[in-house]
Amino acid sequence: MVLSKAVSESDMSVHSTFASRYVRASLPRYRMPENSIPKEAAYQIINDELMLDGNPRLNLASFVTTWMEPECDKLIMAAINKNYVDMDEYPVTTELQNRCVNMIAHLFHAPLGEDETAVGVGTVGSSEAIMLAGLAFKRRWQNKRKAEGKPFDKPNIITGANVQVCWEKFARYFEVELKEVKLRDGYYVMDPEKAVDMVDENTICVAAILGSTLNGEFEDVKLLNDLLDKKNKETGWETPIHVDAASGGFIAPFLYPELEWDFRLPWVKSINVSGHKYGLVYAGIGWCIWRNKEDLPEELIFHINYLGADQPTFTLNFSKGSSQVIAQYYQLIRHGFEGYRNIMENCHENAMVLKEGLVKTGRFDIVSKDEGVPLVAFSLKDRSRHDEFEISDMLRRFGWIVPAYTMPPDAQHVTVLRVVIREEFSRTLAERLVLDIEKVMYQLDALPSRLMPPVPPAPLLVVAKKSELETQRSVTEAWKKFVLAKRTNGVC
């Protein structure tokens, strides 16, 4: 859902230059037009407006895949009209989803027998996957509390303050208290010791992030598991772990295979991962995998038969496209383990090229870690005259979209810029970005500071009245200075 806002109250029509050869009348901007228009005109009108969008390849703010091979594009377009929920109508698509679930479960070391089927579901992204995992934890906790005759009306979940907003949505939408571990200067992920200290009998799970949105860092899931295991034994509780591996789930198995973060740890009960991030699929696909059947309460699964045969479903939405499921299967069999490893290694190497280039400028501190999601988060060493938001704004003149943001509590005094390295971001682009950042810094150095305190007004002086000629000359001189300043400031 988008909360819409009129762009302009005065201009209520949409105009198109090229489409005027098909239609001369302008279209209402916020109301459905009364009459039809030629298909060529509709296409051209929309295409003209979309030209003003940014270039997805230069959008370095996003983790989401923006390029796939033409062969996969063909598969996507061929399945664009298939509604995935019609499982009886499209049994092969359903089978491909099941294969993806099992491949990902094995990748995450799910404890499956030779002929055992993995427990998981495809979603429209990690946000939906997290909602489903959270509901499973809440229901299991409630069932256990009811069986013990204890109150079950005050569930809570523990995360770091660095979690993505979907965790806040889950807590608010499904009435679960969100208990956040605050960050601190120099430590921008959840502290496992503080997290476990916050656990109580009402905690439905602790959420660990494998790849923080803020700086790409992996949280220490192994330490969290060990501390939680000790506390569970002392208290008799069974507080589980969910791993939000939205960004890191398709990175860690290939770059850091010895890192223990997944189902190798006994208290990890579910994992989500975004297929549309480093799973290398266009936006619209995520996955939630459970350790075993006992971790997904049966009462959350619905069975329908009005689309054909009996169909189990556990999703928040009903209808969705099949294309992304098919695209995920394509990527898994196309690349295999070796291909994914090569792509992730290449992303990591390009991230290091960018990091080294930024370090050589002498202007920035690197906030991200070398081990984690391939991204570079960095902040200004000297913020006395200009800040990161100005750099972000000026980089848009070169076509780059590089976000600037402040850290969550209690590190909100730290501001960073972040560049996400995706498969299509080459070494050449990394080197080019460093050059453009240097240009931006040079331009900022020549501009007056926006951060300096205002100059106090000068004391009033008695000035002799100027002649008409003197007044005209002073106005002309002031105007020349203004024009020259505008020329300098406008250089890209």
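Quick note: numbers below take in every heavy atom, side chains included, and nothing from hydrogens, waters or symmetry partners.
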Worksheet item: For Lys82, what residues pass the side-chain hydrogen bond (donor to acceptor under 3.5 Å, both in side chains) criterion, not counting sequence neighbours?
Response: none
Worksheet entry | For Glu438, all residues meeting salt bridge (Lys or Arg N to Asp or Glu O under 4.0 Å), sequence neighbours excluded | none
Worksheet entry | Check: Thr117 and Asn98 side chains under 4.5 Å, non-hydrogen atoms | no
Response to the item:
Rounding to 0.5 Å, atoms CD1 (Ile343) and CD (Gln331) come to a distance of 7.0 Å
Item to complete: Please round to the nearest 0.5 Å and tell me the distance separating atom CD of Glu424 and atom OG1 of Thr65.
Response: 7.0 Å
With the threshold set at 4.0 Å, does a side-chain nitrogen-carboxylate oxygen contact exist between [X] and [Y]?
| X | Y | answer |
| --- | --- | --- |
| Arg334 | Glu69 | yes |
| Glu356 | Lys360 | no |
| Asp226 | Lys222 | yes |
| Glu371 | Lys369 | no |

Worksheet item: For the residue pair Phe254 and Tyr340, does the interplanar ring angle fall in the parallel (under 30°), tilted (30 to 60°) or perpendicular (over 60°) class?
Response: parallel
Worksheet item: Once the angle between the rings of Trp167 and Phe170 is folded into 0 to 90°, is it parallel (under 30°), tilted (30 to 60°) or perpendicular (over 60°)?
Response: perpendicular
Worksheet entry | Ser368 and Arg418: CA distance, side-chain angles, deciding distance, side chain to side chain contact (heavy atoms under 4.5 Å, CB included) verdict | CA-CA 9 Å; Ser368 52; Arg418 187 196 66 209; over 6 Å; no
Worksheet item: For the residue pair Phe314 and Trp290, is the inter-centroid distance of their aromatic rings smaller than 6.0 Å?
Response: yes
Response to the item:
Only one of Lys231, Lys144, Lys154, Arg145 passes salt bridge (Lys or Arg N to Asp or Glu O under 4.0 Å) with Glu201, and that residue is Arg145
Worksheet item: Which salt bridge (Lys or Arg N to Asp or Glu O under 4.0 Å) pairs, counting each pair once, include a residue from residues 234-249, with sequence neighbours left out?
Response: none
